[in-house]
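Take a look at the structure set out below.
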Amino acid sequence: MEQKNRLFDFLYQSLREQIETGLLPYGSALPSMSQLCEIYHVGMRTVREVLKALAKEGLIQTAERKPSRVIYRPSGNHSPEEPSVRTVLEHRDSILSVYETMTILMPPLFSFSALVCGEEKMQHCLWILAHEKKVRRNKWQTYSMFLHEILSASGSLLFRDLYISLELYAQIPFFWERRGSIVRPWENVISHNTFWDTGLLKPENAEEALHYFTALYRFTTDIIQEHLKILVSENPQVKAAGKNVYSWNADLGRDHYYMQIVRDIIDKIGMGLYKDREFLPPEGILAGQYQVSVSTVRKALSDLNRLGFCRTYNVKGTQVTLFNDEATFVCMKDRTYKKDTLLYLSGLQFMALAVPPAVRLTFDRITDEILDSLAQRFREPNAIPLDLIMDCIIEQMPLYPFRIILKEVRKTLHWGYYFSFYAEGNQMSNIINQMGLQAFEYLCRRDRAAFTEQLSACYCHILTFVRNFMTGCGLPEASDISAPDMSFIRLYI
């Protein structure tokens, strides 16, 4: 069990970071309290307490029946002692690792989002660029909002939030304010961007879009690195902290104690540790295993009943029933579990797209000794080859932010959701295990292209399988989460 997240701290830190870094600039309106509840999955009381704390610190201004507005203005003084300069220099290694992660990860996410979002949504995104002067935003804010909208239009619940977190730690507003001192300023790059004239983001131009975003981020990372060198030479007294501070929570406040129990039990059911028609351990024993109260266990069991994995009887206890269509139809009427399912599908989609850049960074670091260790672990009971291979890739990942991102997304992927569709659960005859073993064979042959494509295909298979089932069980929104086509994956292998 992980430590319980404090929802106040989660919401408070998120809003404060967005305000202080300029993502929520002076004068901008915060989402309404009900919208904040919806976005961050917290209660109205928590939202009120966070807004009260931000107002007390002079970051926002609140008023009855009106949206809260940002009143924080960043200091214009950039002397060596100014905190933002010192902070950036202390965390320069961490900042550069974020830019490197954006360079390798964001181009496929942007180009894929443009590929699947559709003509109507794309026109809305382009409107933001075309009407930049009317809304009085600077070019960075306009371009950032444009990219946010493209990622949102993809249907993914993860892409946009991930990008916001990377923007926060990249300190983009800090460097934008200093663009005049950079030899080739960002503003020139952005002003020459004519998406609506060139048709760069049309579906048939996916490869060109991928090359464009890759070149743009490579260029940006290089000039940031050069500018940091200048700042270091001007401020030699500021030493690097040597610690990577990037963090991201893919669960967006959903990771309550009882939900951790729900997911763990679902995994055990799907893996066959708790078999169909078998009774779960008594509530008191489960409370001891998870080190929580009996009431927390009961809340988790209630949710398992609603999801259709279990049925609780008076006196007898809770019996495993596995997934069934009727229970799924009922479950999909619940807003929380609709979002949880969409998050699960979004995680599968992300992993399919993240595999090629992840393999590119780690393939040569996987030694023969590591391969022998993997082969031995495949023989363990309930081993999932795909899962073990991804463990290996994450362990070998040299980019700290990328490693954190992969870990966070994998927390949303619960094998029980997939394996519970099969009567035999997790057996080596299962198709996804066979696909994982085939990927391992390519890895042993040192065939990077085939290994990469097979890994992505594993996640695409699970996404397509579960998405189609959920769409037929009352979740039409699931159809908006597209499985990447292998022809797109091959573009950046």
Side-chain angles (χ1 to χ4, degrees), residues 1-7 9-10 41-42 249-324 327-328 331 334 336-337 339-341 343-344 347 377-388 390-391 394-395 407-428 430 433 466:
M1 294 293 295
E2 300 175 10
Q3 272 198 327
K4 184 177 181 181
N5 290 319
R6 293 188 60 196
L7 297 183
D9 291 342
F10 174 69
H41 302 273
V42 298
N249 185 344
D251 274 322
L252 293 174
R254 280 181 276 262
D255 208 14
H256 307 295
Y257 262 2
Y258 76 92
M259 280 304 301
Q260 294 180 38
I261 298 172
V262 169
R263 291 164 180 166
D264 187 61
I265 292 177
I266 287 173
D267 273 352
K268 289 178 178 176
I269 291 172
M271 298 281 287
L273 300 179
Y274 295 140
K275 300 185 185 302
D276 193 22
R277 304 301 171 185
E278 181 181 314
F279 280 87
L280 297 179
E283 294 174 350
I285 292 179
L286 288 173
Q289 288 177 355
Y290 292 105
Q291 298 183 348
V292 297
S293 66
V294 171
S295 62
T296 300
V297 169
R298 286 175 180 164
K299 186 170 179 60
L301 295 178
S302 174
D303 282 10
L304 287 165
N305 275 259
R306 293 169 65 189
L307 284 167
F309 283 96
C310 297
R311 180 171 296 174
T312 301
Y313 301 93
N314 289 332
V315 182
K316 288 185 177 182
T318 300
Q319 185 182 38
V320 175
T321 60
L322 287 183
F323 226 79
N324 61 78
T328 307
C331 176
D334 184 283
T336 299
Y337 288 104
K339 286 198 170 182
D340 208 49
T341 301
L343 180 67
Y344 170 68
R377 294 177 67 186
F378 288 163
R379 301 187 187 101
E380 296 174 358
N382 300 307
I384 305 171
L386 173 61
D387 209 33
L388 295 174
M390 287 309 302
D391 275 341
I394 291 173
E395 288 171 5
K407 285 183 176 180
E408 281 295 311
V409 175
R410 285 188 68 212
K411 282 167 56 179
T412 70
L413 304 181
H414 311 290
W415 286 106
Y417 283 113
Y418 172 72
F419 286 124
S420 62
F421 287 104
Y422 294 89
E424 72 275 14
N426 173 34
Q427 301 296 325
M428 293 308 289
N430 184 274
N433 285 322
V466 179

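Note that this is a predicted model, so its numbers are computed, not measured.
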Out of curiosity, [X] [atom1] to [Y] [atom2], how far, rounded to the nearest 0.5 Å?
X: L273; Y: I265; atom1: CG; atom2: CD1; value: 11.5 Å
X: Q291; Y: T296; atom1: CD; atom2: OG1; value: 12.5 Å
X: T318; Y: Y274; atom1: OG1; atom2: OH; value: 11.0 Å
X: I261; Y: K299; atom1: CD1; atom2: NZ; value: 11.0 Å
X: T321; Y: R311; atom1: OG1; atom2: CZ; value: 6.5 Å
X: I384; Y: L388; atom1: CD1; atom2: CG; value: 7.5 Å

Point to revise | Results of side-chain contact (heavy atoms from CB on, under 4.5 Å) for R298 - residues two or more places apart only | key: E283, V294
Exercise for review: List in chain and number order the residues that pass side-chain contact (heavy atoms from CB on, under 4.5 Å) with Q319, two or more places apart in sequence or in another chain; answer none if no residue qualifies.
Suggested key: R277, F279, Y313
Review point. Under the salt bridge (charged side-chain N to carboxylate O under 4.0 Å, His left out) test, which residues partner K268, sequence neighbours left out?
Key: D264
Exercise for review: Kindly say whether L301 contributes a backbone atom to a donor-acceptor pair with the side chain of N305 at under 3.5 angstrom?
Suggested key: yes
Check your understanding: Step by step, would you call F309 with L280 a side-chain contact (heavy atoms from CB on, under 4.5 Å)?
Key -> CA-CA 11 Å; F309 283 96; L280 297 179; over 6 Å; no
Exercise for review: Specify the closest pair of heavy atoms between G347 and L413, including all atoms of both residues, with the distance to one decimal.
Suggested key: C-CD2, 3.7 Å
